[in-house]
There are 2 protein chains.
Amino acid sequence: MSGSKLTMEFKHQATVTLAEVAEAAGVGESTVSRVLRNHGSFSGKTRERVMAAVERLGYVPNRIAGTLASTGSRLVAFVIPSLSNIVFPDVLRGASAVLEQNRYQAVFSVADYDPGKEEALAAAMLAWRPAAVMLAGYEHTEGTAKMLRASGCRVVELLDLDGDALDIAVGFSNRAAGRESAAFLLRRGYRRIGYVGHDLNRDTRAGKRFSSFCETLDANGTPLVAHEILGGPSSVENGRLGLERLLARATDLDAVYFSNDDMALGGYFHCLAQGIAIPSQLAIFGYNGLDIGRAIPQPLSTIRTPRVATGEIAAQLIVANAPPQAVDLGFELIEGATA
Amino acid sequence: MSGSKLTMEFKHQATVTLAEVAEAAGVGESTVSRVLRNHGSFSGKTRERVMAAVERLGYVPNRIAGTLASTGSRLVAFVIPSLSNIVFPDVLRGASAVLEQNRYQAVFSVADYDPGKEEALAAAMLAWRPAAVMLAGYEHTEGTAKMLRASGCRVVELLDLDGDALDIAVGFSNRAAGRESAAFLLRRGYRRIGYVGHDLNRDTRAGKRFSSFCETLDANGTPLVAHEILGGPSSVENGRLGLERLLARATDLDAVYFSNDDMALGGYFHCLAQGIAIPSQLAIFGYNGLDIGRAIPQPLSTIRTPRVATGEIAAQLIVANAPPQAVDLGFELIEGATA
DNA sequence: AACCAGAATGGCAGCGCTGCCAAAAAAGGC
DNA sequence: GCCTTTTTTGGCAGCGCTGCCATTCTGGTT
């Protein structure tokens, strides 16, 4: 870089204001504002003069000021549990595409599956007066719920439908997913079924799948034979390790349900490495329907969830200022070759 | 939900302002502001009175107004190429942890590997007057660079060091990665080497790795035998397909370099499915060092990149208002079992 | 030529907060 | 008890923009 003088100059924001543009264009401030937002009426000639001045001065509108002066902001706040689990980037991807198209701006923070942290982050988010706050699921602290209700801003709860929404909910039923997974395995004739999962206290949606999975097995008179729950987040390595441990305790399983595809892939690799034939010796079933599950030699049997669509729909509802509602996007059972 | 009256009430933001808190606490506005920001001096008694009023009214400060009134904002803007490629969520994860701790707020948009879109999104970001804009790599349009320079806000270019930084750069050399990958394969005795990659015009960092990989092979007198480049983004499925196509054309390869681990995993699965022995019949080498690469039966040979650390360091430099600099975080070659 | 609707424009008061300054209160110092 | 220093406090002018309202132009109409 260069000398300190230049650095100093550099630090002073070259803050061109709307007033300066107005002056340069020889028009009033409100005229510039109208032209820039293409709102209200103005002549073509004026428009050209303004745009020329904008161009010449390199004016960049200040949305902070604009938001303060007008009413609602065009920020949408996401408080997500994790960025490691691809589920949430997928949701963000869907949402951000729609938001960008509508000149909304996505803001996010990561609560790390911790309701207390979620509350703190939601509070910090509300300070930006977003148009909406988007959260994962229904399990929030009392404080979070109260704060969100009082804020008057829209709230969207994502990826879960088993509970009461604060405002809008977009997703699918995790209980139904657990149920259908169990029904599928039973239909296929599996009876000695085990489970490998990650920390369910934190990932409550995985917990819901697990409990309704078990209920379905119970109702069939063939309860879960064994389960192995690992602390920490879901990962391929934990899935591998979990299955290894499970099989050490329960030797005669014919199928294993995993908390999600990452975990299931770990199980699949364990079988590959140990020469356990899939599905004849052991069937494997996951959850999420990740692309990678279709690229392994035997496509993974799993449930595909509409993650990107969840983000898209959520964003669309906010952009359209839709009334409170719960949108069920469903899911798709993929038969695959592992169960 | 309930009747329209309630809905109406609900819509009116219960906007408690600082002035109202001041009135309720029986103190001046500036006193409330000082207490809330814990800045300047005030008595313990006053503090209690203010906090009680804040609690009672459920006051949430308005950061929009605060940012406008003070100078710099605490927003950090990310313009990333993709959210599908886990690389960028990883960077965001590292950065957001640091930012949250310092009361900064992350804002993002997805440019989809399109420089034109990047320019538009960067412009939209600048309108929020962020403390910093973070982008992937050095390949920006003329307009983007000019705009960023003129903005006076900090700029961080991530995940690349082969080029000239606008301000701060944090990452590692993709050219060095390509070089070392080639050197490793040569050291292991592979001579008939191929390449499978995804769209290099868009992912310029992958392009840099590829070109320095080829240069290294050339310098050794054993140039690349064949390559297969697929349009579209990297994915496991594209890796599988790419290797299938490559092997159809070049039957006597002894190693294949992939544009990243996703692609390499696809190649690995193709070999598994086709009964191609790894690495004796064909060696496979990736890039990124994803966790999943270590959980497959034969750990993937690859280069592990410090993605989370890239985000962390970038955020730390911004929080500390560090001077312009390039930070090389290096990478680690993982020998694995596939090459 | 007088009149009028409608288009085009400018002025200015805030949006809710922070930063500065001056005033008031508390705390010492002799 | 009087004066100085330090701490605590309130008032108020903006930050850059939008929204409202009043005003000035246009271009017909009668």
Side-chain angles (χ1 to χ4, degrees), chain A residues 12-50 53-54 57-75 103 126-131 151-153, chain B residues 12-50 53-54 57-75 103 126-131 151-153:
Chain A
H12 286 294
Q13 301 244 4
T15 315
V16 181
T17 67
L18 185 144
E20 293 175 286
V21 173
E23 164 123 67
V27 300
E29 294 183 38
S30 14
T31 302
V32 177
S33 177
R34 274 185 297 255
V35 170
L36 257 36
R37 287 179 299 151
N38 196 31
H39 174 275
S41 62
F42 44 83
S43 70
K45 203 184 319 168
T46 308
R47 191 195 134 79
E48 276 169 38
R49 286 235 305 274
V50 169
V54 165
L57 301 179
Y59 172 67
V60 177
N62 184 333
R63 297 254 272 178
I64 298 278
T67 302
L68 181 61
S70 62
T71 42
S73 88
R74 277 175 178 266
L75 287 173
R103 302 184 48 236
L126 286 177
W128 289 102
R129 297 292 187 272
S151 74
C153 87
Chain B
H12 285 294
Q13 301 245 2
T15 315
V16 181
T17 67
L18 186 144
E20 294 174 287
V21 174
E23 165 124 63
V27 299
E29 294 181 38
S30 15
T31 302
V32 176
S33 176
R34 275 185 297 253
V35 170
L36 258 37
R37 288 178 299 150
N38 196 29
H39 175 274
S41 62
F42 46 82
S43 70
K45 204 183 323 170
T46 309
R47 191 195 134 78
E48 276 168 39
R49 286 234 305 275
V50 170
V54 165
L57 301 180
Y59 172 66
V60 177
N62 184 332
R63 297 254 267 172
I64 299 277
T67 301
L68 180 61
S70 62
T71 41
S73 88
R74 276 175 178 267
L75 288 172
R103 305 184 46 236
L126 286 176
W128 289 102
R129 299 292 188 270
S151 75
C153 87

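Sequence lines set the chain letters: A, B, ... in the order given, protein chains first and strands last, and positions in each chain run from 1. Because only heavy atoms are used, hydrogens play no part in the values below, and waters and symmetry mates are left out as well, while side chains stay in.
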Classify the nucleic acid contact of B:S70 as base, sugar-phosphate or nothing, counting any heavy atom under 4.0 Å across all strands shown. sugar-phosphate

Quick check: are there more than 12 heavy atoms from other residues, nucleotides or ligands sitting under 6.0 Å from CD of A:E20? yes

For a quick check of understanding: with a heavy-atom distance under 4.0 Å over all strands, which category does A:S30 fall into, base, sugar-phosphate or nothing? base

Please tell me which of A:R34 and A:A19 maps to the more 5' nucleotide of DNA chain D, matching each residue to the nucleotide holding its nearest heavy atom. A:A19

Its 5'-most and 3'-most nucleotides having an atom under 4.0 Å from a non-hydrogen atom of chain A, DNA chain D is contacted over D:dG16 to D:dG19

side-chain hydrogen bond (donor to acceptor under 3.5 Å, both in side chains) contacts touching residues 25-36 of chain B (sequence neighbours left out): B:T31-B:R34, B:S33-B:R37

With heavy atoms under 4.0 Å as the rule, sort A:R63 into base, sugar-phosphate or nothing. nothing

Could you check whether A:G26 gets within reach of a base, just the sugar-phosphate, or nothing at all, counting any heavy atom under 4.0 Å? sugar-phosphate

Between A:T31 and C:dA8, is there a side-chain N or O to OP1/OP2 distance below 4.0 Å? no

Give B:S43 one of three labels, base, sugar-phosphate or nothing, depending on what nucleic acid heavy atoms sit under 4.0 Å from its own. sugar-phosphate

I need the A:N62 CG to A:T15 OG1 distance, nearest 0.5 Å. 8.5 Å

Contacts of B:R49 and A:V60 projected onto DNA chain D by closest heavy atom; the upstream (5') one is B:R49

Both A:V32 and A:A69 contact DNA chain C. Taking the nearest nucleotide for each, which residue is further toward the 5' end? A:V32

Could you grab the distance from atom CZ of A:R47 to atom CG of A:L36, nearest 0.5 Å is fine? 9.0 Å

Could you state the interatomic distance from CG (B:L57) to CG (B:L18), rounded to the nearest 0.5 Å? 11.0 Å

Say you draw a straight line from CD1 of B:I64 to OG1 of A:T67; how long is it, rounded to the nearest 0.5 Å? 5.0 Å

At 4.0 Å (heavy atoms only), tell me whether B:T46 reaches a base, stays on the sugar-phosphate, or touches nothing. sugar-phosphate

